[in-house]
4 protein chains.
Amino acid sequence: MSRKPVIPGVDRRQQILDAALEIFAEQGFEAATNKAIAERAVVNQGLIYFYFASKADVYFATSAYYTEQVIAQLDAVFAQVHEASPAEGLAQLLRGIMLLLSTPPASHLLRIMYQVAGSRTPAGELSNAEERRAISGLARHLTQRFREYLEARISRKQFNALNPTLVSYMLTRTLIATVTMRGQGGMAQPDLNSLAETMAALYAYGFLPRSEQSHPE
Amino acid sequence: MSRKPVIPGVDRRQQILDAALEIFAEQGFEAATNKAIAERAVVNQGLIYFYFASKADVYFATSAYYTEQVIAQLDAVFAQVHEASPAEGLAQLLRGIMLLLSTPPASHLLRIMYQVAGSRTPAGELSNAEERRAISGLARHLTQRFREYLEARISRKQFNALNPTLVSYMLTRTLIATVTMRGQGGMAQPDLNSLAETMAALYAYGFLPRSEQSHPE
Amino acid sequence: MSRKPVIPGVDRRQQILDAALEIFAEQGFEAATNKAIAERAVVNQGLIYFYFASKADVYFATSAYYTEQVIAQLDAVFAQVHEASPAEGLAQLLRGIMLLLSTPPASHLLRIMYQVAGSRTPAGELSNAEERRAISGLARHLTQRFREYLEARISRKQFNALNPTLVSYMLTRTLIATVTMRGQGGMAQPDLNSLAETMAALYAYGFLPRSEQSHPE
Amino acid sequence: MSRKPVIPGVDRRQQILDAALEIFAEQGFEAATNKAIAERAVVNQGLIYFYFASKADVYFATSAYYTEQVIAQLDAVFAQVHEASPAEGLAQLLRGIMLLLSTPPASHLLRIMYQVAGSRTPAGELSNAEERRAISGLARHLTQRFREYLEARISRKQFNALNPTLVSYMLTRTLIATVTMRGQGGMAQPDLNSLAETMAALYAYGFLPRSEQSHPE
DNA sequence: TATGAATGAGGGTTCATTCAT
DNA sequence: TATGAATGAACCCTCATTCAT
């Protein structure tokens, strides 16, 4: 009966995107229902179709929107790495990224991306086909940043000459997975900072001891 | 009308498990339908409910069954590591695990586990509640094996004294993620052997050059 | 936000009627959407409810409006029949009516009337209840004109004394149906003029040869 | 809760077809709901999709099924025409066809066909694409029978040499329309037998009196 | 007058699950 | 054991209609 008053300054489309990020992260694309999204957004279910062409379209729009946000945050983390020492810089970088990726919205985004990534891409009408390819943009972007980071240090002889393409690929997967899968498998979920420290140490010096005299840590 | 004769040696329950592994891996738990599973198993849809209590139960049973299989394969890989040298042993181990995990049934199993892992655990009646916790068993087992591996080498001073709990946790996530997410993100999917080589080199020696003067931190 | 300025000479109500005639003719009452009508009329969807009480009301108004137009055209056709000879006059009349009825807006009107006629009359609020009964006015009017036409000729002994009520009824149905259903049934759609000629010949002389001795009834 | 017992000898698919014929005839394709069809058929709504691929498929299947039935009845009518005299035979034929077409299932079938014919063909998955073209089969068949009937009489000089293609086309439309639209337009609906008599008289002898001098064509 | 946004009811369709045989 | 048929609860989506501006 009563029409919800249009509250100025409240963007219903944005409300829907916010709700969708959460619901998709919690339930996955298939299990998430428009009803749940609409309720979380405190919005009429039909309104979703005023702003989006389909459920899949909501998914893609949500992914694209938050991918952009998280990429910007990621760039900020890379920009802040100070070059005190390569070892310290690496530790700082890993810590920063892990913290970022384990906090919403990035953590939600990773969840919704990697649930779907495993299965088929959602089908459905889209209002903006561009967004479809934006989805994998986060991993691609992170890999790219890692490669630049590695190449810079390798060329300065600060890092060993490992294949930067493969290593950046690996680092990306490792970070995303470590963060996304944290707390699964029934084990105590490890502290993020300890994890970052340990990763940094491992990546800096490796498993093998440095000749008799060199003793890391 | 006609009762399908029991063909000796053909285990319908197993057919269902096999089909379910594939279908769940292809489509995810929610998108997969009993119809699709029954068709793939060349079995009547109703028969599923003779052997299993619910769709979720099929899921858990499938996970538990193949987890057991893959764990056995994994143990074999660990058992084969020969101790020529720590570096070579590590490379061999990583190669073996990655190959195993990227081949069915392990690859299917990882897919169905990590799609669901992101979202809620499927709800539904179970015929065997034990199986629910068996699901994360693969990661737990792999982590455990890694820890033993690391601890053995650390105690022999072959490896640096990094926290074995955290490192084994990390290695598990890294391997699973690298294999599961391979080829996503629109990048060329890297060759598995190169990846294993590079990982081994990185994990063995780290980024920092072993020059005489290097003094970490 | 911006109020569309009232362009003088552009009657929005008329635009809606015009669009509705087309859309209803193309899709039928149920399948036609207000959205489609509004778009065709280049008008906001909500505006429909400023001029009309409901979708059904648009339907009735459209029918009533165009019925009036077509009736006027029909009267003109009847008025033009010159009485060279009864046979020629009949042919001319049929040709004229068929041409009229097979051209928009009459063809559209017939379509929208006979789609709905078959099913229930659309329900809904009306802004002008009179219009409801105006709908079938076209057929009624045509029948009436035919009856007058027949009665005049019968009284002058130019036509056989067939029951004018039944015959005019039949002629009306035949013409409307011939025109409305033309090209359906997967057959080549016959040329309108040939059809009119043949109809005229049949109606004038009948099937039975006029041999000297044949005396019906 | 309770499953409806399977009554042997009652074909649910047939129940659905029967219900669909009625509902489609009453409401038209678009306005008819699966719910209404299911209720009329005393069947669960979901069961429709066990036997048919879509609502459109129900429509086509219904059309095809009853078209076949009615065609058989029509053939029987043509077969029964006794050749007492051409005039009497014609009257008998028209009476028979009109009676048949104005009685269910033929009357329902005509309604559902000519409602849809005016608008777009229903879209949707079909279980049997053949049926799509079967829809217009009734009119085509009737036209064909009329043509044979006319050609036979024309070749025997019993009928005037009017173009049999056009005339059979016209007769088909006339009969279908007269029957389908009967009672519309707010007029008293004429008695079927009188109508048939009058039609037969008109078609036999035409409007123009058989005065000595009149020479057709 | 005119508009864009919002609402809610319902429609077609899917699907896990159950039942009679 | 095994099957085909049947059920009912959602789900996604559409659309006539309404309201604030």
Side-chain angles (χ1 to χ4, degrees), chain A residues 1-6 8 12-13 30-38 43-56 58 124-125, chain B residues 1-6 12-13 30-38 43-56 58 124-125, chain C residues 1-6 12-13 30-38 43-58 124-125, chain D residues 1-8 12-13 30-38 43-56 58 124-125:
Chain A
M1 293 297 126
S2 66
R3 176 68 30 83
K4 182 157 312 153
V6 173
R12 318 283 268 212
R13 199 188 120 97
E30 301 284 349
T33 68
N34 285 339
K35 187 162 177 284
I37 294 173
V43 140
N44 185 284
Q45 203 181 147
L47 192 62
I48 293 177
Y49 289 84
F50 185 78
Y51 290 109
F52 303 95
S54 65
K55 186 186 170 190
V58 176
E125 221 180 319
Chain B
M1 293 298 126
S2 66
R3 200 64 38 89
K4 184 171 292 181
V6 175
R12 317 285 267 201
R13 187 174 189 279
E30 299 287 347
T33 67
N34 284 342
K35 187 161 177 283
I37 293 172
V43 141
N44 184 282
Q45 204 183 149
L47 192 60
I48 292 177
Y49 287 84
F50 182 79
Y51 290 110
F52 304 96
S54 66
K55 187 186 171 190
V58 177
E125 222 181 317
Chain C
M1 294 297 127
S2 65
R3 200 61 40 86
K4 184 171 290 183
V6 175
R12 318 283 268 201
R13 187 175 190 279
E30 299 287 347
T33 66
N34 285 342
K35 187 163 178 282
I37 294 172
V43 140
N44 183 283
Q45 203 182 149
L47 192 60
I48 293 178
Y49 287 84
F50 183 79
Y51 290 110
F52 305 95
S54 65
K55 186 187 172 188
D57 190 35
V58 176
E125 223 180 319
Chain D
M1 292 299 126
S2 67
R3 175 69 31 84
K4 182 160 309 156
V6 174
I7 304 160
R12 318 283 268 214
R13 198 188 123 99
E30 301 285 349
T33 67
N34 285 340
K35 187 162 176 284
I37 294 172
V43 140
N44 183 283
Q45 204 182 147
L47 192 61
I48 293 177
Y49 289 84
F50 185 78
Y51 290 109
F52 304 95
S54 64
K55 186 186 171 191
V58 176
E125 220 180 319

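In what follows, every chain begins at residue 1, and chains take the letters A, B, ... in the order their sequences are listed. None of these values were measured; they are calculated from a predicted model.
Under a 3.5 Å cut-off, the side chain of B/Ser54 and the backbone N or O of B/Glu125 do form a donor-acceptor pair. Judged purely by atom type and a 3.5 angstrom limit, A/Lys55 uses its side chain to pair as donor or acceptor with the backbone of A/Ala32.
Nearest-nucleotide positions on DNA chain E place C/Gln45 closer to the 5' end than the other of C/Gln45 and D/Gly124. Nearer the 5' end of DNA chain E, as judged by each residue's closest nucleotide, is the contact made by A/Gly46, out of D/Thr33 and A/Gly46. Along DNA chain F, the nucleotide nearest to A/Glu125 and the one nearest to A/Ala31 differ in position, and the one closer to the 5' end is contacted by A/Ala31. A residue-by-residue look at A/Ser54 and D/Arg13 shows that D/Arg13 has its nearest nucleotide of DNA chain F further toward the 5' end.
Base pairing of E/dT14 is made with F/dA9, judged by Watson-Crick or G-U wobble geometry with both donor-acceptor distances under 3.5 Å. Searching all strands for a Watson-Crick or G-U wobble partner of E/dG4 with both distances below 3.5 Å returns F/dC19.
Side-chain atoms of B/Asn44 and base atoms of F/dG4 include a donor and an acceptor less than 3.5 Å apart.
Summarising the geometry, the separation between CZ on A/Phe50 and P on F/dT17 is reported as 18 Å, rounded to the nearest angstrom. Rounded to an integer number of Å, the gap from C/Asn34 CG to E/dG4 C1' is 15 Å. Taking atom CZ on A/Phe52 and atom P on E/dA6, their separation rounds to 12 Å, with Å as the unit. With rounding to whole Å, B/Leu47 atom CG is found 6 Å from F/dT3 atom P. One atom, NZ of A/Lys55, and another, C1' of F/dC12, lie 8 Å apart when rounded to the nearest Å. Following rounding to the nearest Å, D/Lys35 (NZ) and E/dA9 (C1') show an atom-to-atom distance of 12 Å. Atom CD in D/Glu30 sits about 12 Å away from atom C1' in F/dT14, given to the nearest Å. A straight line from OH of C/Tyr49 to P of E/dT7 spans 18 Å, rounded to a whole angstrom.
The residue A/Ala53 sits apart from the nucleic acid: no heavy atom pair falls under 4.0 Å. No engagement by D/Ala36 is indicated, since no non-hydrogen atom pair under 4.0 Å with the nucleic acid exists. Within 4.0 Å of A/Ala32, counting heavy atoms only, lie sugar-phosphate atoms of the nucleic acid but no base atom.
At least one side-chain nitrogen or oxygen of A/Arg12 sits closer than 4.0 Å to the OP1 or OP2 atom of E/dA6. Using a 4.0 Å cut-off, no side-chain N or O of A/Tyr51 falls inside it from OP1 or OP2 of E/dA5.
Heavy-atom minimum distance, D/Ile48 versus D/Asn34: CD1-O, 3.7 Å.
Residues D/Arg13 and D/Phe52 are in side-chain contact: their nearest non-hydrogen atoms beyond the backbone lie under 4.5 Å apart.
The NZ atom of C/Lys35 sits 12.5 Å away from atom CD1 of C/Ile37, with the distance rounded to the nearest 0.5 Å.
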